[in-house]
Protein chains: 2
Amino acid sequence: MIFTTKAEYGVRLLVELGRHGAEQPVSLKAIAAAEGLPLAYLERIVALLKKAELVESTRGAHGGYRLTRDPADVHMDEVIIALEGAVAPMTCFVDDTDSPRVLCSHEADSGQGCATKLLWMRVQGGVMEKLSQTTLAELVAFASREPITRHDRETLTSGG
Amino acid sequence: MIFTTKAEYGVRLLVELGRHGAEQPVSLKAIAAAEGLPLAYLERIVALLKKAELVESTRGAHGGYRLTRDPADVHMDEVIIALEGAVAPMTCFVDDTDSPRVLCSHEADSGQGCATKLLWMRVQGGVMEKLSQTTLAELVAFASREPITRHDRETLTSGG
DNA sequence: GTCAATCCTACCAACGGGGTCGGAGAAGAT
DNA sequence: ATCTTCTCCGACCCCGTTGGTAGGATTGAC
């Protein structure tokens, strides 16, 4: 599995916020009820989004959360990284941009390049590409549509 | 994390087989020693590759495994599916090609389309695209090269 | 027959994911 | 003031999967 429920719930939460205007905040309780998600768990997830400054909060009665930007300016790569941490294909695969090389724990043994590195880099590139091409505004629009048909399935994967 | 060590070890195993010719089989013991991987665990992994008819085995002394095809004809989408099962972004996301729709467990609640489905379909499409574009022959060639430089990293993700 | 290899099943420890609980601040409503 | 509603925060816990081991049965070359 690529993503956990953190990503799933977090994106759904953002979509729900995007559906309402940015004027008045929406409480987590309302979102949890609307989406059928556990409130206590959502609290921990929304904290990640707040730390990434994707949402802002108002405490106290009639408080809640709202988006800090226009949904069209929110790209999913930033969202997923905030929720899941860096998207890596493998445990040994940490893209440390400060280091000149992507290191692999097995690499040191054989003295030659890690056989799978090329593959994992391409896969990660493919994922990040699709994520950055998708905006929150698109998801908000999509969620309000009819349930998709078989015909839709063959077209909507084409990307941005 | 997208992939587990099943994919990692399985691909490395295939690369090791691809490095040798297809004439005489290579024993798991030799591969385990060359890659520094646990033999008993490799046994279970290679069983998946055999079931998918990506490798064939010879039992008894001087036995081992060899590829059933030319490495240039082995595409990674087939390999990864054999090793990991279907690549799905989320637990709720099972691409059942018999059913007209991709169902989501949360979908039934709200009566409207699942907000995250569009995103997961695009991501999965991106992954499968990169996997199918990469052949075993490429990985064999890549593994025999020098350790990569920073300059390489910016070019090798462009895909097959 | 013996050694080297594939096969196969059961077992196990550790980890992370998913979720709960209880409470402590903050701020509007009364 | 105080009550209610909300955000915030840390500790805790269950459980499935992953990664790996153990032990054997079977096959075939020498």
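Every chain is numbered from 1 and lettered A, B, ... according to where its sequence line falls, protein lines coming before strand lines. All of these numbers come straight from a predicted model, not from anything done at the bench.
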Between A/Thr58 and A/Thr5, which has a closest nucleotide on DNA chain C that is more 5'?
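Nearest-nucleotide comparison on DNA chain C picks A/Thr5.
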May I have the distance from [X] (atom [atom1]) to [N] (atom [atom2]), rounded to whole angstrom?
X: A/Leu83; N: C/dG17; atom1: CG; atom2: P; answer: 13 Å
X: B/Leu42; N: D/dG19; atom1: CG; atom2: P; answer: 13 Å
X: A/Arg66; N: D/dC6; atom1: CZ; atom2: P; answer: 15 Å
X: A/Glu35; N: C/dG18; atom1: CD; atom2: P; answer: 17 Å
X: A/Met1; N: C/dG16; atom1: CE; atom2: P; answer: 18 Å
X: A/Lys29; N: D/dT4; atom1: NZ; atom2: C1'; answer: 10 Å
X: B/Leu17; N: C/dT6; atom1: CG; atom2: P; answer: 11 Å
X: B/Leu39; N: C/dC7; atom1: CG; atom2: C1'; answer: 12 Å

Distance test, side-chain N/O of [X] to OP1/OP2 of [N], below 4.0 Å:
X: B/Thr4; N: D/dG19; result: yes
X: B/Lys50; N: C/dC7; result: yes
X: A/Ser57; N: D/dC8; result: yes
X: B/Tyr65; N: C/dC7; result: yes
X: A/Tyr9; N: C/dG19; result: yes

Measure from the side chain of [X], starting at C-beta and using heavy atoms only, and say which of [options] lies closest.
X: A/Glu43; options: C/dG28, C/dC7, D/dT7; value: D/dT7
X: B/Pro38; options: D/dT21, C/dG28, C/dT20; value: D/dT21
X: B/Arg59; options: D/dG20, D/dA29, D/dT26; value: D/dT26
X: B/Arg44; options: D/dG20, C/dT6, D/dG19; value: D/dG20
X: B/Tyr41; options: C/dC7, C/dG19, D/dT21; value: D/dT21

Under the side chain to side chain contact (heavy atoms under 4.5 Å, CB included) test against [X], which residue among [options] passes?
X: B/Tyr9; options: B/Thr5, B/Val11, B/Leu13; answer: B/Thr5
X: B/Met76; options: B/Leu83, B/Thr134, B/Ile81; answer: B/Thr134
X: B/Val79; options: B/Leu131, B/Leu136, B/Leu14, B/Leu48; answer: B/Leu14

Within the 4.0 Å heavy-atom criterion, would you say A/Lys51 contacts the bases, only the backbone, or no part of the nucleic acid?
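Nothing, no nucleic acid heavy atom in range.
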Nearest heavy-atom neighbours spanning B/Gln133 and B/Glu138:
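So the two residues come closest at O-OE1, 3.4 Å.
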Taking the nucleotide of DNA chain D with the nearest heavy atom to each, does A/Ala61 or A/Val46 sit closer to the 5' end?
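That would be A/Ala61.
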Among A/Lys50, A/Arg69, A/Arg66, which residue meets the salt bridge (Lys or Arg N to Asp or Glu O under 4.0 Å) test with A/Glu56?
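The salt bridge (Lys or Arg N to Asp or Glu O under 4.0 Å) with A/Glu56 is passed solely by A/Arg66 among A/Lys50, A/Arg69, A/Arg66.
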Thinking salt bridges, do A/Arg12 and A/Glu8 make one under a 4.0 Å N-O criterion?
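A salt bridge links A/Arg12 with A/Glu8.
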